[in-house]
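We number each residue from 1, following the sequence as shown.
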Amino acid sequence: MASLQQTSIAIQSKLLPSSQLTRALPSLNLSFSATFPSLRLTASRPLNGGARMSATAASSYATALADAAKSNNSLDTTSSDVEKVEKVFSDTQVLDFFVNPTVDVLKKRQVLDEIVKSSELQPYTANFLNILVDAKRIDLIKEIAKEFEMVYNKLTDTELAVVSSVVPLESQHLAQIAKQVQKLTGAKNVRIKTKIDPSLVAGFTIRYGSSGSKLIDMSVKKQLEEIAAQLEVADIQLAV
């Protein structure tokens with residue numbers, strides 16, 4: 001929340017005229033070949049074909065970031081950074097600001113610098129974000145974050161489990177869920193993401209597997225649906 005608040009402040013009060021920014025903000029020396037070598041072929045290539053090509057571009061950027069992080073033994077730290085970045089850019093005001101073509105690049109860099117400082121991002125992540133701004137691909141940041149998570153999970157043999165509940169679950173319960181998912185999947189590691197879903201009434205659900213394809217439903221909502229289904233069947237039988 002602190003980073004989001006500071007970002008909003010940065011957007012609202014840190015946007016100096018271009019002349020002041022030129023003096024106050026030095027130009028950044030960003031090198032594709034030195035920092036993200038695999039981006040040399042993918043980031044500068046013109047994209048055609050709408051959403052499909054955007055997904056391909058997001059995957060390329062995510063892979064490049066993961067490769068750079070792995071080569072510098074900072075994969076876990078970079079993963080944490082990506083989660084922070086995803087939260088910041090989930091604010092529509094922030095995203096709209098960065099994708100707005102009328103906003104000067106120097107202004108975007110200044111606000112980006114505020115995000116880097118408030119979120120305590122490592123240099124590689126900061127440099128990567130600047131590359132996206134310069135390449136006019138910051139609009140892909142949410143897709144890149146999702147793609148990076150998949151690449152990270154594959155590289156570290158990690159299974160992602162999304163636990164939805166009406167109220168936050170205790171840490172020991174989440175640990176038990178992680179152990180159960182590990183037994184079911186055989187994964188070396190398990191990452192738990194939590195979501196609040198009031199529609200469940202009580203209990204919880206667990207989604208894991210490829211794109212959340214597997215579901216363990218321990219919610220009261222599911223039990224109520226099963227009871228309702230049984231009652232409907234009983235009504236039909238009685239009518240006969």
- [ ] Could you check R137 against E143 for salt bridge (Lys or Arg N to Asp or Glu O under 4.0 Å), going step by step and ending with a plain yes or no?
- [x] CA-CA 11 Å; R137 294 279 68 184; E143 290 79 4; over 6 Å; no
Open item on the list: For Y208 and L160: C-alpha separation, side-chain torsions, deciding distance, then whether side-chain contact (heavy atoms from CB on, under 4.5 Å) applies.
Closed with: CA-CA 6 Å; Y208 66 99; L160 174 65; over 6 Å; no
Open item on the list: Run the side-chain contact (heavy atoms from CB on, under 4.5 Å) test on K146 and E149 for me, step by step, so that the C-alpha distance in whole Å, both residues' side-chain angles and the decisive distance to 0.1 Å come before the verdict.
Closed with: CA-CA 5 Å; K146 293 178 181 178; E149 182 177 62; 5.7 Å; no
- [ ] Decide yes or no on salt bridge (Lys or Arg N to Asp or Glu O under 4.0 Å) for K117 and D113, but give the supporting numbers first.
- [x] CA-CA 6 Å; K117 290 179 180 178; D113 186 54; 3.3 Å; yes
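The two residues A66 and L75 come nearest to each other via the heavy atoms O-CD1, 3.8 Å. The two residues S199 and K221 make their nearest non-hydrogen contact at O-CD, 3.2 Å.
The hydrophobic clustering, which links ILVMFWY residues whose side-chain heavy atoms are closer than 4.5 Å, places V103 and L129 together. Linking Ile, Leu, Val, Met, Phe, Trp and Tyr residues whenever their side-chain heavy atoms come within less than 4.5 Å places L174 and M218 in a single cluster. Put simply, V151 and V162 are part of two different groups of oily side chains (I, L, V, M, F, W, Y) that touch within less than 4.5 Å, one to the next. By the rule that hydrophobic residues join a cluster once side-chain heavy atoms approach within less than 4.5 Å of another member, V111 and V88 end up as members of one cluster. The same ILVMFWY cluster, assembled from side-chain heavy atoms under 4.5 Å apart, contains both L155 and I144.
Tested against Q122 for a side-chain contact (heavy atoms from CB on, under 4.5 Å), the candidates N72, V116, N127, T78 yield a single pass: T78. Each of D76, L121, L65 was checked for a side-chain contact (heavy atoms from CB on, under 4.5 Å) with D81, and the lone residue meeting it is L121.
Put simply, CG on L200 and CD on Q223 are 11.5 Å apart, with the number rounded to the nearest 0.5 Å.
Between the side chain of D157 and the main chain of K188, a donor-acceptor pair closer than 3.5 Å is present. Between the side chain of K84 and the backbone N or O of S119, at least one donor-acceptor pair lies under 3.5 Å. Counting only distance, with no hydrogens or angles, the side chain of N189 and the backbone of E159 share no donor-acceptor pair below 3.5 Å. Although no hydrogens or angles enter the test, the distance criterion places no donor-acceptor pair under 3.5 Å between the side chain of S213 and the main chain of G209. Although no hydrogens or angles enter the test, the distance criterion places a donor-acceptor pair under 3.5 Å between the side chain of T63 and the main chain of S59. Listed for the Q182 side chain is a donor-acceptor partner under 3.5 Å among the backbone atoms of A187. With hydrogens and angles ignored, the 3.5 Å screen pairs no side-chain donor or acceptor of D91 with any backbone N or O of K87.
A centroid separation of less than 6.0 Å is found between the aromatic rings of F89 and F98.
Counting only heavy atoms from C-beta outward, the side chains of I216 and V181 never approach each other to under 4.5 Å. Between V105 and V133 the shortest side-chain heavy-atom distance falls below 4.5 Å. Counting only heavy atoms from C-beta outward, the side chains of I141 and L95 approach each other to under 4.5 Å. Contact annotation: the side chain of V163 never approaches that of K195 to less than 4.5 Å [non-hydrogen atoms, C-beta and beyond]. Inter-residue side-chain proximity for I206 and K214 is flagged as unmet; no heavy-atom pair is nearer than 4.5 Å. Side-chain atoms of I196 and P168, non-hydrogen and from C-beta on, do get closer than 4.5 Å to each other. D139 is not listed as a side-chain neighbour of L132, based on a closest heavy-atom distance of 4.5 Å or more. At a threshold of 4.5 Å between non-hydrogen side-chain atoms, the residues F204 and I177 count as touching.
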